[in-house]
Amino acid sequence: MAHWLYKSEPSVWSWDHQVAEGAKGTFWNGVRNHVAKQNLMAMKKGERGFFYHSNEGKAVVGIVEVIKEYYPDHTDETGKFGMVDIKAVKPLKRPVTLDEIKAEPKLKDMILVNNSRLSVQPVTDTEWGLICKMGGL
DNA sequence: GCCAACGTTGGC
DNA sequence: GCCAACGTTGGC
């Protein structure tokens, strides 16, 4: 099963917002990038991903799960982009910061490190396991 | 708040 | 279809 990483600025949409939505979850929209779109389209219901706070915090703070697969984003007037629904699963026992990720040689190839601007990224099984461990899970 | 990196746009 | 200019993102 594939894993993912969702990036969000806490001032716009934070982990706390996501948790407040509970089991019903919420849509993940606003993607206007074709690479991110490809990733969204590849997601399957039940797949999990990290929730990352960019700018403020700069850390992986929790785990989310896809509850609805790719569908059109009607707020996108060009009609090119879509979104998925995700729900909060559980927080990390402690956040894993970008500094820690950069300090770990096994994580140096993460897209988060090399292409920080991509808002939805795939995460390998190795990276997934390691960050879960670093986060105390 | 600055600046580098990247994506998108638009003129040719 | 190429490429320069511009806007946006995100780390520092």
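Atom C1' of nucleotide C:dC12 and atom CG of A:D99 are separated by 10 Å, given to the nearest angstrom. Spacing between atom CH2 of A:W13 and atom C1' of C:dG10 amounts to 21 Å, rounded to whole angstrom units. Nucleotide C:dG11 holds its P atom 12 Å from the CE atom of A:M110, rounded to whole Å. Look at CG on A:N115: it is 13 Å from C1' on C:dG11, rounded to the nearest Å. Atom CG of A:N114 is separated from atom P of C:dG11 by 13 Å (rounded to the nearest Å). Atom CG in A:N33 sits roughly 14 Å away from atom C1' in C:dG10 (whole-Å rounding). The interatomic distance linking A:Q121 (CD) with C:dT9 (P) rounds to 15 Å, in whole Å. Rounding to whole angstrom units, CD of residue A:E9 and P of C:dT8 are separated by 13 Å.
Between A:W28 and A:F51, the ring planes lie perpendicular to each other; the angle is over 60°, past the 30° to 60° tilted range.
Paired with A:E21 under the rule side chain to side chain donor-acceptor pair (under 3.5 Å), one option of A:Q18, A:H17, A:K24 passes, and it is A:K24.
Nearest nucleotide to the A:R117 side chain, out of B:dA5, C:dG11, B:dG7: B:dA5. When distances run from any side-chain atom of A:Y52 to the nucleotides B:dG7, C:dG10, C:dG11, the shortest one goes to C:dG11. Side-chain proximity of A:S54 to C:dG11, C:dG7, C:dC12: nearest is C:dG11.
Between A:V35 and A:N55, the residue anchored nearer the 5' end of DNA chain B, judged by the nucleotide with its closest heavy atom, is A:N55.
Two different hydrophobic clusters hold A:I101 and A:V61 under the rule that ILVMFWY side chains link at heavy-atom gaps under 4.5 Å.
Look at A:K37 and you won't find any side-chain N or O under 4.0 angstrom from OP1 or OP2 of B:dG7.
When the shell of 6.0 Å around OH of A:Y70 is examined, it contains more than 12 heavy atoms from other residues, nucleotides or ligands.
Salt bridge annotation for A:R32-A:D73: present, with a cationic side-chain nitrogen under 4.0 angstrom from a carboxylate oxygen.
Within 4.0 Å (heavy atoms only), A:L118 reaches no atom of the nucleic acid at all.
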